[in-house]
Number of protein chains: 2
Amino acid sequence: MIDDVQARERIVVAADALFYAHGVNSIGMDAVRERSGFPLKRIYKLFPSKEDLVLAVLDHRSRRWDSGIARAAETAADPTGRLLAVFDFLAAWFREDDFRGCAFINAYGELGPGSSRVAGAVRAQKESFQRYVDDLVGRIGGSPGLAAQLVLLAEGAQTTAAISGSPAAADVARDAARILIEADRDAARDR
Amino acid sequence: MIDDVQARERIVVAADALFYAHGVNSIGMDAVRERSGFPLKRIYKLFPSKEDLVLAVLDHRSRRWDSGIARAAETAADPTGRLLAVFDFLAAWFREDDFRGCAFINAYGELGPGSSRVAGAVRAQKESFQRYVDDLVGRIGGSPGLAAQLVLLAEGAQTTAAISGSPAAADVARDAARILIEADRDAARDR
DNA sequence: TTGCAATGAGAACGATCGTTCTCTATAGTA
DNA sequence: TACTATAGAGAACGATCGTTCTCATTGCAA
């Protein structure tokens with residue numbers, strides 16, 4: 001028999017694909033059962049409620065985001081390159097066939113007002129990304145405001161790419177990021 | 001008896017408040033009936049389905065956005081000021097008690113995958129705003145890329161303000177916008 | 001081999017929702 | 001005033017969904 005660890009993983013992967021493509025509310029637990037291949041009983045033993053499953057899916061997405069960003073950063077030589085690599089990561093993501101925007105923003109819009117746990121998970125993911133950018137900006141001696149600016153660009157690129165259906169926003173954001181980094185460096189010289 | 005025009009308006013206003021605060025899916029038509037004071041029969045005569053009501057609400061939001069941006073722009077003396085006024089408008093909006101992010105982004109995340117009409121309405125609103133910024137950027141002789149950058153900042157500020165619960169993103173975006181406008185002007189001088 | 005605990009497949013339950021229907025009251029018209 | 005068409009209040013319908021329950025089956029321990 002498939003052990004609980006593997007079962008959890010497969011159920012989360014199945015639910016993630018369905019939730020991301022169609023929204024959480026339009027996917028019934030029965031669809032998760034069908035796609036994952038596990039009976040409802042098993043699913044409910046591993047995830048006591050649908051909300052718990054949603055949180056597990058968001059946690060899974062969070063780890064995938066972190067590792068994706070980290071992998072993109074590997075190719076860069078310096079902290080500035082690692083900052084810009086974020087936008088290269090976005091550009092590749094936006095081009096994926098099933099791209100449908102940021103799962104956290106979508107979940108927040110759909111479930112945020114009704115579930116404080118989901119809202120909290122979304123907030124935690126965004127704060128985590130902000131800290132990542134803060135750290136890199138700190139390494140290049142940039143101002144704290146620069147990090148917040150770069151995060152706004154990444155955030156805006158995700159929603160714009162989702163709604164427009166075009167990956168162009170990633171390049172726009174990358175260009176803007178380069179300019180803002182440069183401008184911050186120039187301003188630091190005068191400080 | 002209240003005529004259809006006024007009834008439509010009141011129903012849309014009631015539905016807008018409910019949908020925006022709690023999400024569309026968690027609000028039943030019965031709640032719209034209770035808040036608007038009109039019987040379901042009347043509501044369904046004016047809006048043949050809930051989706052039609054949602055579209056009317058989005059249209060209403062779209063007009064409010066346009067007029068809000070226009071009013072903020074009035075106080076500015078030149079096109080650059082009118083561009084920055086967008087972010088002042090956002091700052092005031094983010095501070096409203098019931099602010100809960102961009103209704104279009106929320107609707108897209110919640111209903112987009114299931115309703116092409118809603119997805120289309122959201123896309124249309126975003127394109128309209130992009131054209132507005134394009135026009136202002138054109139007036140100051142800016143590059144087309146600058147307009148796209150400014151829109152990304154506004155978009156990112158809206159989702160970040162919603163999720164973080166802080167209005168600070170508006171000022172961050174405004175600062176970034178000023179820098180990008182300046183940088184674009186400098187780049188134009190070399191062109 | 002016998003008994004038992006857990007599993008799997010799917011039916012069933014209770015609640016909710018979008019939408020329609022019923023029935024009474026009412027306003028307008030000839 | 002009598003007729004008619006519409007409005008209003010709310011019950012009712014059909015579908016869906018999250019969650020639980022039934023019951024036959026299976027794998028394992030003694």
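Every chain is numbered from 1 and lettered A, B, ... according to where its sequence line falls, protein lines coming before strand lines.
Among residues at least two apart or in separate chains, salt bridge (Lys or Arg N to Asp or Glu O under 4.0 Å) pairs with a member in residues 137-149 of chain B are B/Asp135-B/Arg139. Among residues at least two apart or in separate chains, salt bridge (Lys or Arg N to Asp or Glu O under 4.0 Å) pairs with a member in residues 19-35 of chain B are B/Asp30-B/Arg33. For residues 1-14 of chain A, the set of pairs meeting the salt bridge (Lys or Arg N to Asp or Glu O under 4.0 Å) definition, not counting sequence neighbours, comprises A/Asp4-A/Arg42.
Evaluation of the side chain to side chain donor-acceptor pair (under 3.5 Å) rule for A/Arg117 yields A/Glu51, A/Asp52 as partners, not counting sequence neighbours. Applying the side-chain contact (heavy atoms from CB on, under 4.5 Å) criterion to B/Ala31, with sequence neighbours excluded, gives B/Leu18, B/Ile27. For A/Lys126, the salt bridge (Lys or Arg N to Asp or Glu O under 4.0 Å) criterion is met by A/Glu155, not counting sequence neighbours. Every residue was checked against the salt bridge (Lys or Arg N to Asp or Glu O under 4.0 Å) condition with B/Arg100, not counting sequence neighbours, and none meets it.
Proximity of A/Val122 to A/Ile105: side-chain heavy atoms (C-beta onward) are nowhere separated by under 4.5 Å.
Listed by residue number, B/Gly28, B/Met29, B/Leu40, B/Lys41, B/Tyr44, B/Ser49, B/Lys50 are the residues of residues 28-55 of chain B with a heavy-atom contact under 4.0 Å to DNA chain C.
Taking 4.0 Å as the cutoff to heavy atoms of chain B, we find the contact window on DNA chain D bounded by D/dA7 to D/dG8.
Using a 4.0 Å heavy-atom cutoff across all strands shown, B/Ile27 reaches sugar-phosphate atoms only and no base atom.
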